[in-house]
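The structure presented is a predicted model; accordingly, all values stated were derived computationally and were not measured. Chain naming here is simple, since letters A, B, ... match the order of the sequence lines and numbering starts at 1 in each.
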There are 2 protein chains.
Amino acid sequence: MESVEVESGSFEEPTNERARALLDAAEELLEELGMEALTARAVAERAGVAKGLVFYYFGSTHELFERVLERYYARHKASLAEAFAGEGDHRERLHRVVDEYLDFMEENVTYARIVQHQIASEGPHLPLVRRHLREVLELTREMLRGITPSRGPRSAEHFHVSLSAVVINYFTYGPVLLDDALEDRPLGERRAHVHWVVDSWLDGLERHR
Amino acid sequence: MESVEVESGSFEEPTNERARALLDAAEELLEELGMEALTARAVAERAGVAKGLVFYYFGSTHELFERVLERYYARHKASLAEAFAGEGDHRERLHRVVDEYLDFMEENVTYARIVQHQIASEGPHLPLVRRHLREVLELTREMLRGITPSRGPRSAEHFHVSLSAVVINYFTYGPVLLDDALEDRPLGERRAHVHWVVDSWLDGLERHR
DNA sequence: TTTCCATTTGACCACTCGGTCAACATCCTG
DNA sequence: CAGGATGTTGACCGAGTGGTCAAATGGAAA
């Protein structure tokens with residue numbers, strides 16, 4: 001046997017023990033030292049294994065990185081699915097999605113960083129990022145159906161970009177502007193802010209009808 | 001004589017012809033090929049000059065990059081200064097700032113990319129980026145004085161992060177989600193969206209008073 | 001003309017990277 | 001036990017990087 005299978009679409013944890021160790025090591029390095037530290041040598045050393053195994057199981061560092069990305073995405077999608085389930089009018093549902101989105105980001109700041117990094121640098125993983133971002137856009141589109149016009153400046157696409165911007169950028173720009181942005185109290189304050197923002201939009205949309 | 005002087009704070013175009021050629025070449029490479037392409041060799045070749053001159057005039061590629069960044073920042077500040085000047089109530093002024101901000105981004109998408117890249121990757125130029133971003137925050141803070149509470153979820157800091165997120169992210173995330181995001185018609189639509197968003201916030205703030 | 005020094009060059013160095021591969025280890029099966 | 005398949009190693013390679021520096025250049029002053 002050789003190399004971990006990659007079925008486009010869903011993500012599956014590697015059954016192989018070593019492959020999994022490498023994947024875990026890669027994710028840890030990403031969390032602790034950032035994207036530049038993710039070299040074949042470093043990952044292998046972290047996993048306590050020879051460098052050659054990275055290529056034996058994943059073929060290239062590119063592929064390894066994509067697997068890590070897909071793992072994050074799987075979690076993100078699971079998180080969103082949870083939020084989209086359940087009842088309530090659209091205002092309630094939207095607030096629930098926002099809460100879930102914020103919860104996820106609080107526990108996966110690195111994910112936000114990676115995505116923003118790839119997008120900003122038009123990195124080699126942009127195609128993968130694009131595919132997943134479009135999936136998420138589709139979910140938002142569905143949720144906002146009937147609330148927003150189907151085209152124009154108040155379309156779902158624009159609100160999707162704006163909402164995800166307001167959520168994500170706090171976790172990347174926040175720590176640059178504020179010293180304690182990622183501590184409990186400021187995070188709670190931000191959460192209140194985002195909910196307020198969403199309400200102001202919904203109010204505006206209703207009034208505009 | 002040697003190496004271009006760097007006074008922290010303001011930016012001055014290098015008087016020396018070669019230094020300026022290198023700086024221009026660096027900026028062009030950044031625009032055309034992205035950040036990874038910015039190597040000492042590439043810049044020198046582009047400027048039609050030997051590699052050694054990069055280090056003769058700038059000391060290191062790091063310094064060269066910072067000079068390019070500072071040049072962008074100088075333009076950004078000039079653009080903002082223009083927007084902040086002039087009269088009108090706060091709603092008018094805010095809309096004028098938004099327009100200026102969007103104008104600037106339309107013509108400096110690369111700038112948005114660089115900043116977001118540095119922030120997302122906690123790159124080596126983060127200290128410089130931080131210094132300038134905080135300056136801009138200070139301007140926003142001043143403009144919103146009296147409109148927003150001084151603390152809490154509706155403070156100027158939160159609106160600053162949200163507004164800049166809504167503006168900037170369209171230029172980075174937009175092209176990933178939409179195929180024609182940076183063409184004239186979609187850009188105009190986005191502009192209308194941002195103005196609508198600002199109005200919804202101002203309405204919300206007034207109603208909440 | 002001679003001298004001097006800022007300027008300019010590009011070969012060179014040390015280093016790190018991704019990736020290859022022959023050799024070796026381990027294990028399962030006939 | 002024998003032997004082939006599977007898994008594992010790390011020395012090695014080529015490419016590309018930032019940075020150094022002795023040597024060449026050239027213009028201005030004496």
- Look at atom CZ of Arg151(B) and say whether more than 12 heavy atoms of other residues, nucleotides or ligands are closer to it than 6.0 Å. no
- Query: Taking only side-chain nitrogens and oxygens of Tyr57(A), does any of them come within less than 4.0 Å of OP1 or OP2 of dG7(D)?
  - Reply: no
Which whole-number value in Å describes the distance from [X] [atom1] to [N] [atom2]?
X	N	atom1	atom2	answer
Asn16(B)	dT7(C)	CG	C1'	9 Å
Leu29(A)	dC17(C)	CG	P	12 Å
Phe58(A)	dG7(D)	CZ	P	14 Å

- Does Arg96(B) have any side chain to side chain donor-acceptor pair (under 3.5 Å) partners at least two apart in sequence or in another chain, and if so, which? none
- Item | Partners passing side chain to side chain donor-acceptor pair (under 3.5 Å) against Tyr111(B) (at least two apart in sequence or in another chain) | His76(B)
- Query: If you look only at pairs with a residue in residues 33-42 of chain A, which of them pass as a side-chain hydrogen bond (donor to acceptor under 3.5 Å, both in side chains), with sequence neighbours excluded?
  - Reply: none
- Query: Relative to the ring of His132(A), is the ring of Tyr73(A) parallel (under 30°), tilted (30 to 60°) or perpendicular (over 60°)?
  - Reply: parallel
- Task: Please state whether the rings of His158(B) and His193(A) are parallel, tilted or perpendicular, taking 30° and 60° as the class boundaries.
- Result: parallel
- Any salt bridge (Lys or Arg N to Asp or Glu O under 4.0 Å) pairs touching residues 20-31 of chain A, not counting sequence neighbours? Glu13(A)-Arg20(A), Asp24(A)-Arg71(A), Glu27(A)-Arg71(A), Glu27(A)-Arg75(A), Glu28(A)-Arg46(A)
Tabulated below should be each protein N or O lying under 3.5 Å from an N or O of nucleotides 22-25 of chain C; please produce it.
none

- Message: For a quick check under 3.5 Å, do Asn16(A) and Tyr57(A) share a side-chain donor-acceptor pair by atom type?
- Response: yes
- Nucleotide by nucleotide, 5' to 3', does protein get under 4.0 Å of the base (B), only the sugar-phosphate (S), or neither (-) in nucleotides 9-26 of chain D, counting heavy atoms? BB-B----BBBB------
